[in-house]
Each structure stands twice: as structure tokens, then as C-alpha cells.
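First the structure, in the form of C-alpha cells, and then the observations on it.
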Number of protein chains: 2
Amino acid sequence: MTLPPLPSHYRVAPFAEDCAPRRLLRLFSGKWTTMILHTLHLSGGGSRPGELQRTIPGLSKKMMIQTLRDLERKGLVERVVMQVMPPVVDYRLSESGRRLIEPLEMLYRWGAAHAAFLDTLD
Amino acid sequence: MTLPPLPSHYRVAPFAEDCAPRRLLRLFSGKWTTMILHTLHLSGGGSRPGELQRTIPGLSKKMMIQTLRDLERKGLVERVVMQVMPPVVDYRLSESGRRLIEPLEMLYRWGAAHAAFLDTLD
DNA sequence: CTGCATCCTGGGCGATACTG
DNA sequence: CAGTATCGCCCAGGATGCAG
């Protein structure tokens, strides 16, 4: 969990538009992306859509599916389907998805630890 | 720099829409916000607009000013004006702004350290 | 040089209704 | 229950031009 210092090319202007830090932030910039990743992480072994949606207030079915599809395309989330009636589906983090949990939880923990400060920023 | 574990109410569903972690992520979700904070941080003691814009490829004058105004409103950036002709202006991180550097640099460092991984995510 | 006012486009996001 | 299909809004963000 100990992070190396920022490489020198990130301390010299200018740095590329699609550099790694920017890509990471773009990944996290979707309104529901991190909430979903975080919730899937907490759930341990997968969540069903209905449960997932109930867990995240304000999340619409459409945005949930859309975000999940996007994460699936990127290989961060796996979709497990049980062919029964009514259908049973399970979403879980992939190996790649689990790697993203580290920076994400760092952010969440920092945010939680500095809630009072964040509340002062309108 | 050692972060406490996530409080229990973030491990219980559902948690509030405007909870601290979400606020932090919303703050970072603007396209140029973190780049500007990061660059101001690297510059040590303030940057002039022209220099700032040249440092961040793709940043338009309009978006730079708009983002800086927004950060100023939130008390994260201070604007120092020298009343001369032509005008000389200096932007620097405020005390609050400097507090945000910690989570931001964590993200940047993680991203830089995992650049190869991030490049595989389309 | 710094900064504002306009105009415009794309897409993120939400609401709703429908299918199996 | 899981998922799709439309429609439409809103606004972030880009281009351009003007002002002090």
C-alpha cells in the first residue's frame, strides 16, 4: 500500500492528455461508477441487480445497467447469468476490478476521515 | 498519511447521496479541476494564467478561468492581483486547497504506478 | 496579458413505457 | 426480476470574438 513518489515526468510541464492519472480520474468521473464498484466490493461475492439498486439511493435501473455494461466492457465487472425463470443475475468484480478497489477505497477513506472539511466546501 | 478504516456506516447499505466520499469525488470529477490543483501544487508558490495554460495541454482559456473561479468560490484557490498594465495575476492554493493535495496526489501516484494496467482498460 | 460574453454541440443522465 | 427502447433535458465544455 506504500506508493512510490510521482515519476519525474509528472513533475515537468506539460504532461500528456491521456496520461495514467488522468485515465484513472476519467474512470472515476461517472456519477455512479465508483458507488457501484464500492458496493460490489463490500458485498464480497457478487450482487443481484435489484439488491444493488436498493443499496444505492437515487440510482435508476437504466443508469445501473448502463454503468454495469460499461464496466463489463472494460473487464472490471463480470456478469453471471442463471438461466431460470424468473432470471437470476449476479454481478461481481473481476480480477481487474478488484485492483481498482485500492485507490478507490483510499479516496473513500480519506473522504470519510475528512467529512467535516468536505462539508465546508459548499 | 495512514488512513483509518472506513466507518461502519459506509459499509451498511444504503448510505447518503451526499456523503463525504461522494462529495470528494464530485469535486474531482471536473475535467480540469485536478490538473489545475496538481499543477498549482507543483508550482510551489503560485502560477500565472498564461503559464498555467501552457502547462496543461488542451486547457482552453475559458475552461481555465471557469475552473479557477469555481475553486476560488470554494476557497481552494486564492487569486492575487497586481494592479499594473498589463495586468499580472497569480493563482495559488489556499490552506484548504493544500489539504486536498493529499488525496489527489495519492490518486496520481497510484495512477502513475499502475500506468500499464490503466492502459489496458480502453 | 487577463478576462468576459456568446453561441453551439455532444453526451451524460433521468423518466417512462414495454418485453421475456 | 432483469433488461431494452425512446424521448428529452440540461449542462459541461469547446470555439470565437471583444474589452481593459
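Residue numbers start from 1 in every chain, and the chains themselves are labelled A, B, ... in the order their sequence lines are given, proteins ahead of strands.
With hydrogens and angles disregarded, a donor-acceptor distance shorter than 3.5 Å links the side chain of A:S94 to the backbone of A:G75.
Closest approach of A:S96 and B:F117 over heavy atoms only: O-CZ, 3.5 Å. Shown here for B:E78 and B:L93, the closest heavy-atom pair between the two residues is OE1-O, 4.3 Å. Minimum interatomic distance between B:W110 and A:L3 (heavy atoms only, all atoms of both residues): N-CD2, 3.9 Å. The two residues A:K74 and A:L27 have their closest heavy-atom pair at CD-CD1, 3.7 Å.
Which of C:dC7, C:dC13, C:dG3 sits closest to the side chain of B:K62 comes down to C:dC7. For B:R48, counting side-chain heavy atoms from C-beta on, the closest listed nucleotide (C:dG3, C:dC1, D:dA2) is C:dC1. Closest to the B:K61 side chain, of the nucleotides D:dA2, C:dG3, C:dC7, is C:dG3. The side chain of A:R79 sits closest to D:dA2 out of D:dG14, D:dA2, C:dG3. With C:dG3, C:dC13, D:dG13 as the candidates, the nucleotide lying closest to the side chain of A:K31 is C:dC13.
Atom CZ of A:F28 is separated from atom CG of B:L25 by 7.5 Å, given to the nearest 0.5 angstrom.
If you check residues 80-88 of chain A against DNA chain D, the residues with a heavy atom closer than 4.0 Å are A:P87, listed by number.
When rounded to the nearest whole Å, the span between CZ of B:R26 and P of C:dC13 equals 13 Å. A straight line from CE of B:M64 to C1' of D:dA15 spans 15 Å, rounded to a whole angstrom. Here the P atom of nucleotide D:dG3 and the CG atom of A:L59 are 13 Å apart, to the nearest Å. Atom CG of A:D70 is separated from atom P of C:dC13 by 10 Å (rounded to the nearest Å). Remark: P of C:dG11 and CD of A:Q66 are 13 Å apart, rounded to the nearest angstrom. Between the CD1 atom of B:I65 and the P atom of D:dG13 there is a distance of 15 Å, rounded to whole Å. Distance CZ (B:R69) to P (D:dA12): 17 Å, rounded to an integer number of Å. Between the CE atom of B:M63 and the C1' atom of C:dC4 there is a distance of 14 Å, given to the nearest Å.
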Requested in this report: Check step by step if side chain to side chain contact (heavy atoms under 4.5 Å, CB included) holds for A:R92 and A:V80.
Outcome: CA-CA 8 Å; A:R92 63 186 65 228; A:V80 180; 3.9 Å; yes
